[in-house]
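Everything below concerns the one structure shown next.
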Amino acid sequence: MTSLFPSSSAEKKTLIPKPSMDSLIKKQKLYPSSINPFYKLPHETIVEILSRLPIRSVIQFTFTCKTLYPLSADPLLVKLHLSRSENSYLIIHSKNPLKTHLYFLQLSDQKVYEFETPFASSMSEFSIIGSSNGLLYLIDSLFPQHTYLYNPFTREYFEIPIKHENCGQIVIHGFGFDPVGCDYKVVKIAYCRDRYTYHVKDEYQGHIRPLPSIIEVYSLRRNSWTYNGIVPYILETWSSPGVLVNNRLHWVTVWVKKPNWQCHKRLIVSYNLVDDTIDEMACPCSNSNYIFDRLIISHLAVLDKRLCASLPMLDRDAFDVWVMREYGVDESWVKEYSICINFPWSLIRHIEPPHHIWQNRFGKNMVKVLGILESGEVILEYVGERLVAYDPCNKSSKELKYNGMPRIYQAMFHIGSLVSPHLDKSGTDTNEAEHETP
Amino acid sequence: MGKERRTNVIPLPEVDGVTLERIIGFLKIYTEESFQQFTVQEKKKRCDEFFANCKFNDFLTLASASNYMGAQVVLDEACQRTADMMKNKSVAWVRKNFGIKNNFTPEEEEAMREKHEWAYEGVDPDDDEEDII
């Protein structure tokens, strides 16, 4: 072990901490030393401390004085803070009525907090497509060609260049971060409605209907859309937005039948954000050829960075969660959880006949798997009503109650970060951030 | 015979005696065989014991000194403990304990409060007995 206490004064010079003395002095000028001896703390030590704080505390720190306000855009802090952050916030999207409200909470909190969105007047209703590294991708509900990247904690937002959609297109979305290219990407898969059949989903006719589908991908780094081929299957709209696992977005196809198959099956299609390729995987339990053995998937989810599928039971109030233990290996689907549900009466009366199992009249899944905690508890959303933590050890569920909980339209786990949708400040570049005024 | 006298005294103007003792003390514990064998919880408990009587400003001084001296493990501990003590405290508390002077105008602060109401809600009540220096 190298000695921390050099024996000669000449070696003392090596004790001066990185970065170089010059940049240290330059940065220390940000903090007026006449105010307090603690301003001797060098920039990177302050960044070290702040990077260990939850996002709320970081923002609060930058509110203490004008000189510290620009810290929230400091590239070193953004990067270090993100590397230490976890998916510990729940973003709740509530439509109340005709106006979207955005809330957040940490599961350990007592209450729900509301975000004041900077576009409240220009975009009163929107949908959240996805959350990645602390950025949300939003689509204006009234004018869907207007979409935004938004960090709710720093209030920064960026409008993505418009990609015109033709009327009658059905669009499937996905949003995620490409760690290799250090880029945020939006994937849009559009189908044109065939004007002779109203429904796109005619999967029961026994063959894949080759409707034209276009994949378009927006890259934040290039700030442009590119055409990236087609998807050979029709994707279920309920599987949009795609679920991000292993740098890939996943959606579920309609029932398809390949020539060598004996019956229809569903597939999971994935889009790789790193190399822009498409792949397909089997759904859980799809190797059975007995037609009535096919299980119904209600939705995909991510648990502990693994892809999973929620399969409701037809004969009882329960659903199974299958997890793909080894990514890409079809045989590695394992049933990990079998969760009983206590539907509140207010939800039961909205349930459609068994064919659309457990969906309300708006086609929304009644129970959704949101994520999993370190303790192993699985967090579920009973749509619109409540958040529940399911403990797989003693197979019990408990409702999570918070003050001010609104009606839930969408809920998702989110990383509280300082990442900016303006890429030059996102910490992925080496440029210093400009000082901003509040 | 002209041999240069080697001095073993190194002046450390940035570090006071108490802090230096703490740094050395902690490093001694950290490098013990028995400490390295501990589980994560046991390590935490041992560190908690060591830092039990340190106040907030002590951790700041410790962070500054260990950064100056290059004692990375002490720096990590000091930064983490500072962060743990700062979590969920109000903006006023942070100002007081860091000795930061508020140079926002009341209008600017009001504008910030409106846009980030959540940053001012649900924080721990300020404890007036917390000392600063």
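A note on names: the letters A, B, ... follow the listed sequences, proteins ahead of strands, and every chain is numbered from 1. Just so it is clear, the values below take in all heavy atoms, side chains as well, and ignore hydrogens, waters and symmetry mates.
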query: Which is it for B:Phe98 and A:Phe61 under the ring-ring contact (aromatic ring centres under 6.0 Å, His included) test, yes or no, and what are the steps along the way?
result: CA-CA 10 Å; B:Phe98 271 88; A:Phe61 187 84; 5.1 Å; yes
Looking at [X], I want to see if its [atom1] is surrounded by more than 12 non-hydrogen atoms of other residues, nucleotides or ligands under 6.0 Å.
| X | atom1 | value |
| --- | --- | --- |
| A:Lys111 | NZ | yes |
| B:Gln36 | CD | yes |
| A:Glu86 | CD | no |

task: Look at the aromatic rings of B:Trp118 and A:Phe104 and report parallel, tilted or perpendicular, splitting at 30° and 60°.
output: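 Perpendicular: the ring planes of B:Trp118 and A:Phe104 meet at over 60°.
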query: Is there any residue in residues 47-60 of chain A with a non-hydrogen atom under 4.5 Å from a non-hydrogen atom of chain B, and which ones are they?
result: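 Against chain B, the residues of residues 47-60 of chain A that fall inside the cut-off (heavy atoms, under 4.5 Å) are A:Glu48, A:Ile49, A:Leu50, A:Arg52, A:Leu53, A:Pro54, A:Arg56, A:Ser57, A:Ile59, A:Gln60.
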Rounded at 0.5 Å granularity, tell me how far [atom1] in [X] sits from [atom2] in [Y].
| X | Y | atom1 | atom2 | value |
| --- | --- | --- | --- | --- |
| B:Asn103 | A:Leu68 | CG | CG | 8.5 Å |
| B:Leu60 | A:Leu41 | CG | CG | 5.5 Å |
| A:Phe115 | B:Lys115 | CZ | NZ | 15.5 Å |
| A:Glu116 | B:Glu114 | CD | CD | 7.5 Å |

message: Ignoring hydrogens, what is the shortest heavy-atom contact between A:Phe63 and B:Arg95? Give both atom names and the distance.
response: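 Answer, listing the atom of A:Phe63 first, then B:Arg95: O-NH2, 3.1 Å.
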- prompt: Between B:Ala63 and A:Thr45, what is the shortest heavy-atom contact and its length?
  reply: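 Result for this residue pair: CB-CG2, 3.8 Å.
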query: What's the verdict on side-chain contact (heavy atoms from CB on, under 4.5 Å) for A:Lys66 and B:Asn102, showing C-alpha distance, side-chain angles and the deciding distance?
result: CA-CA 8 Å; A:Lys66 275 189 187 167; B:Asn102 177 15; over 6 Å; no
- prompt: Is chain A contacted by the side chain of B:Glu121, its backbone, both, or neither, given a heavy-atom distance below 4.5 Å?
  reply: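 Backbone plus side chain of B:Glu121, per the 4.5 Å heavy-atom cut-off to chain A.
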task: Examine whether an atom of B:Ala119 lies under 4.5 Å from a heavy atom of chain A, and if so say whether it belongs to the side chain, the backbone or both; otherwise answer neither.
output: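 Answer is both: backbone and side chain atoms of B:Ala119 are under 4.5 Å from chain A.
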query: Passes side-chain contact (heavy atoms from CB on, under 4.5 Å), B:His116 versus A:Arg155? Steps please.
result: CA-CA 9 Å; B:His116 298 90; A:Arg155 292 180 95 248; 3.4 Å; yes
